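Note that the structure is a prediction, hence the values are computed from the model and not measured. Side chains included, hydrogens not; waters and symmetry mates left out as well; all remaining heavy atoms used.
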Amino acid sequence: MVKYILNRLIVSIPVILGSLTLVFLIIHWLPGDPAQMIAGEDASPERIAYLRTQFGLDQPLWQQYAVYLWKSIRGDFGHSFANSQPVIDRLLAQLPATLSLALLSTIFAIIVGFILGVLSAVYQNRVLDYIVRVISLLGVSMPKFWLGILLILVFSVHLQLLPAIGNGSFKQLILPSFALGVTGAGMLTRMVRNSVLEVIHEPFVLTLRAKGLSEKIVLYKHVLRNALLPAVTILGLLVGEMLSGAVVTETVFSRQGLGKLVVDAINQKDIPVIQAAILITGLFNILVNLMVDVSYSYVDPRVRKSG
């Protein structure tokens, strides 16, 4: 297992380097001069030239990339263009809010997705199955910003049950977590339904029923165990979906977090903040997918035996 994990980490290195390079090029191709944006419209050319020299923007592109890559490897993300604060301090200050939002959204998606997926498979082609399939399709199709605005109008403006914006309390986390987790719940519902339907018609399930085992034991002890592997696979994608969706969700609900920080940094063309935030997000996605791969051996004995 240790050798497998090390191999996966080594394979992840080109992925990280590729994402770093792509982000660096895209940001530098965007229109606008960061020095001009920092100095303001009325700044003198001397002031703009000074800022370009201070932040290394006057160097050739390949030299900027080499410096950026070397500092990123050492964990030195530099200082923000906007307020000269250390980038790592800004990220660490906003990261807990985003992780709590992503964690609660993922838990919601897993619970709802598994329950609805199993019910849809057990009651295949019945009324409950059709209702669940419509709900899952709506969950996958609804844009997060539209759902977020709708939740604010219903639960905050009209019913006045939950706060619409801000951080600090669990109540302020409910609406954004629901808005962010609905898409993941819809994806997981469809995946669990299809996986259970594939397994439930296998010959060994008929054999278990012929031996006199109750339907609950067959379903929860044998069918779900074998149908879990495809669902576990999508969990890695689900976490990435939560982290990327946090950008929209935190903006709609005016929450502080990594997503809101990235949006503000893009508007200000704060290059160090954007690069560091995307790097941390990429590393977190790689870590989650590694955990998913390792969990295969515990979910499916065949994987453990082949290893």
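Residues Leu197 and Ala121 approach most closely at CD2-O, 3.6 Å, considering heavy atoms. Listed here is the closest heavy atom pair of Thr183 and Lys144: OG1-NZ, 3.8 Å. What you find for Pro176 and Ser105 is that their closest heavy atoms are O-OG, 4.4 Å. When all heavy atoms are compared, the tightest approach of Gly184 to Ala109 is C-CB, 3.7 Å. Contact record, Phe253 with Ala179: CE1-CB, 4.1 Å, taken as the closest heavy-atom pair. Nearest heavy atom pair, residue Ala102 against residue Thr106, reads O-OG1, 2.7 Å.
Counting heavy atoms from C-beta on, the side chains of Val252 and Ile152 come closer than 4.5 Å. The side-chain heavy atoms of Phe108 and Leu104, taken from C-beta on, include no pair separated by under 4.5 Å. Inter-residue side-chain proximity for Val273 and Val262 is flagged as unmet; no heavy-atom pair is nearer than 4.5 Å. Residues Val182 and Val140 are not in side-chain contact: their nearest non-hydrogen atoms beyond the backbone lie 4.5 Å or more apart. For the pair Phe145/Thr249, no side-chain contact is recorded, criterion being any heavy-atom separation below 4.5 Å from C-beta on. Side chains of Ser136 and Leu116 form no contact here, defined as non-hydrogen atoms less than 4.5 Å apart. Side-chain atoms of Leu175 and Ser156, non-hydrogen and from C-beta on, do get closer than 4.5 Å to each other. Taking the side chain as every heavy atom from C-beta outward, Phe114 and Thr189 never approach each other to under 4.5 Å.
Atom OG of Ser120 is separated from atom CD1 of Ile115 by 13.5 Å, given to the nearest 0.5 angstrom. In this structure, CG on Leu91 lies 6.0 Å from CG on Leu261, to the nearest 0.5 angstrom. The distance from the CD atom of Gln172 to the OG atom of Ser177 is 11.5 Å, given to the nearest 0.5 Å. If you take CD1 on Ile131 and CG on Leu119, they are separated by 11.0 Å, rounding to the nearest 0.5 Å. Rounded to the nearest 0.5 Å, atoms CG (Leu151) and CZ (Phe178) are 6.0 Å apart.
Judged by distance alone, with hydrogens and angles left aside, the side-chain atoms of Gln94 form a donor-acceptor pair with the main-chain N or O of Gly257 at under 3.5 Å. Of the possible donor and acceptor atoms, none in the side chain of Glu250 sits under 3.5 Å from a partner among the backbone N and O of Arg255. Between the side chain of Ser100 and the backbone N or O of Ala97, at least one donor-acceptor pair lies under 3.5 Å.
Two different hydrophobic clusters hold Leu138 and Met187 under the rule that ILVMFWY side chains link at heavy-atom gaps under 4.5 Å. If you chain together hydrophobic residues whose side chains sit under 4.5 Å apart, Val132 and Val134 never meet in one group. Cluster membership for Val192 and Leu137, using ILVMFWY side-chain heavy atoms within less than 4.5 angstrom, is not shared. Note: the hydrophobic cluster containing Ile280 does not contain Trp70 (ILVMFWY, side chain heavy atoms under 4.5 Å, direct or indirect links). The hydrophobic cluster containing Ile174 also contains Leu153, counting ILVMFWY residues as joined when their side-chain heavy atoms lie under 4.5 angstrom apart, directly or transitively.
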Check the pair Arg133, Arg190 against side-chain contact (heavy atoms from CB on, under 4.5 Å), reporting the backbone distance first and the verdict last.
CA-CA 7 Å; Arg133 288 161 67 180; Arg190 296 161 69 90; over 6 Å; no
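At most 12 heavy atoms of other shown residues, nucleotides or ligands fall within 6.0 angstrom of atom CZ in Phe155.
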